[in-house]
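Quick note: residue numbers are just sequence positions, from 1. Just so you know, ligand 1 is whichever comes first in the structure, and atom 1 is the first atom listed for that ligand.
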Amino acid sequence: MTSHSTNLLRPGIGWTAFFPAKADPMNLALKSPQPRPGILEIAAYVPGKEHAPGVAKVHKLSSNETPLGASPRAIEAFQQAAFNLERYPDGQAHALKDAIAAVHGLNPANILCGNGSDELLGLLCHTYLSPGDEAIVTEHGFLVYKIQTTAAGGTPVTAKERDQRVDVDAILAAVTERTKIVFIANPANPTGTYIPVDEVRRLHAGLPAGALLVLDAAYAEYVRRNDYEAGIELVSANRNVVMTRTFSKIYGLAGLRIGWMYAPRDVVDAVDRVRGPFNLNTPAIAAGAAAIRDQAFNAAAVDHNLAWLARVSEALTAIGLRVTPSVTNFVLIHFPETGGRSAEEADAFLTSRGFILRAVSAYGFPDALRMTIGSEEANEGVIAALTEFMGRK
Ligand SMILES: *Cc1c(COP(=O)(O)O)cnc(C)c1O
């Protein structure tokens, strides 16, 4: 390899380094490939922290992963898949679609699987947005919606929330003739709040027929409220509603990247043309199918979460912290801005004890941290650490 090509491989050294403005009369720098307008304005998604330097035992409570792991049946299916890795996956992921359809009582023809629901959110943007089209997102909404909208050449339009909750009136007021997609997470991340099905219906009723309502129900399995619905009935009854779901949260398969959407046939047909032909891998298809069929394991995960969500919320409130009421597997904890008890100081304190929470400034909450409900040891550990933190002189 020549020294010339070695230099090209080093990050940060490209044509501009070889041809600084003065020494570049032929403007070669401008002839390098340029991303589409808007791409370089995207702030790349920053995943939850994983490390606490110098701490022996770390509890990662920053990405809403389950403390219970995956179903043993899913792990077994994953291991079995290791013996067929030379073969391409089933491009239609039939085994997974059939399992999802059986458990949820759906027609498999209305299901499309993705490499995580993140992929599906991106595919929806790339399928439906033309340059100049608008996608409505909400004030504290999941950042992937904005990123994917911009990446597809669309324009994200932000609707205010009210009391850290999706505000249907604000969304409807933001609708224009360019609105092509409306994204809401229900329940929402990072707030943990939800809107009742009546509100979702009112939102849908106010949208133009040509706008797609995307209901991201990544945390639906955790919700135990009579007035909540993930969106199955709305999708079934309309041509412009899509529900997305994930295996990354309650099913404990975040590392395998499995999501799915339930959508009208026209939408499935269109997105199917845009996706990669083998977007789910063989172990993911097998493990996902086994996981969703193990509803006893799922029920135990719900019970664990309900008990600890209540315990954590009450204990943190009792020591003077404000916790946004959550129906999910995480809580948004608000810290005082001053007096040595800021979110940033709490984050450093907790990290030094091995508890990694999620800073949420990027979501409009500079004074809060998001905590995933973890194991008993992790939850009690955070409660003890924050009790000490709040009592510090
Ligand atoms: C975690 C999460 C997802 C899931 O993403 P995957 O790509 O399926 O892992 C989707 N939406 C929201 C709001 C989330 O918090």
Side-chain angles (χ1 to χ4, degrees), residues 44-48 50 60-67 70 74 93 96 100 111-125 135-149 151 156 161 164-166 181-195 200 213-223 228 230-231 242-262 271 275-276 279-281 284-285 287-288 291-292 301 305 324 326-332 357-360 362-365 370-373:
Y45 186 85
V46 182
E50 283 182 62
K60 182 173 181 250
L61 305 172
S62 58
S63 298
N64 299 340
E65 297 148 339
T66 175
L96 180 56
I100 294 167
I111 296 172
L112 193 74
C113 298
N115 196 259
S117 48
D118 283 354
E119 186 195 28
L120 295 169
L121 297 168
L123 287 170
L124 286 165
C125 290
I136 299 178
V137 302
T138 67
E139 187 181 359
H140 304 295
F142 192 42
L143 292 174
V144 168
Y145 312 147
K146 242 193 231 176
I147 293 173
Q148 292 294 350
T149 295
E161 298 192 7
Q164 295 161 37
R165 204 173 292 269
V166 166
I181 305 184
V182 173
F183 286 107
I184 66 166
N186 198 31
N189 171 18
T191 56
T193 61
Y194 76 106
I195 59 171
V200 182
L213 174 60
V214 178
L215 303 171
D216 177 350
Y219 301 95
E221 293 85 358
Y222 285 113
V223 187
Y228 173 79
V242 170
M243 173 190 71
T244 61
R245 303 286 284 260
T246 184
F247 282 77
S248 300
K249 304 292 156 57
I250 203 161
Y251 291 110
L253 296 174
L256 279 185
R257 314 304 304 126
I258 314 169
W260 57 282
M261 68 177 192
Y262 176 56
V271 175
R275 74 176 172 93
N279 59 335
L280 269 84
N281 62 68
I285 293 169
I292 201 164
N305 189 66
T324 304
S326 169
V327 295
T328 62
N329 68 331
F330 57 87
V331 284
L332 189 63
L357 276 62
R358 179 63 158 266
V360 279
Y363 288 91
F365 293 112
R370 190 192 67 195
M371 171 192 171
T372 304
I373 299 299

*Report the residues that fulfil side-chain contact (heavy atoms from CB on, under 4.5 Å) with Ala254, sequence neighbours left out, ordered by chain and then residue number.*
Ser248
*asked:* Holding to ring pair (Phe, Tyr, Trp, His ring centres under 6.0 Å), I want the full list of residues that pass it with Tyr219, two or more places apart in sequence or in another chain.
replied: Phe330
*So, Tyr45 versus Asp118: side-chain donor-acceptor pair below 3.5 Å or not?*
no
*Say whether Arg257 and Asn281, considering side chains only, have a donor N or O and an acceptor N or O under 3.5 Å apart.*
no
*Do the side chain of Tyr228 and the main chain of Asn186 share a donor and acceptor less than 3.5 angstrom apart?*
yes
*Using the test side chain to side chain donor-acceptor pair (under 3.5 Å), find all partners of Thr324 that sit at least two apart in sequence or belong to another chain.*
Gln164, His334
*asked:* Tell me which residues fall inside the under-4.0 Å heavy-atom shell around ligand 1.
replied: Gly116, Ser117, Asp118, Phe142, Asn189, Asp216, Ala218, Tyr219, Thr246, Ser248, Lys249, Arg257
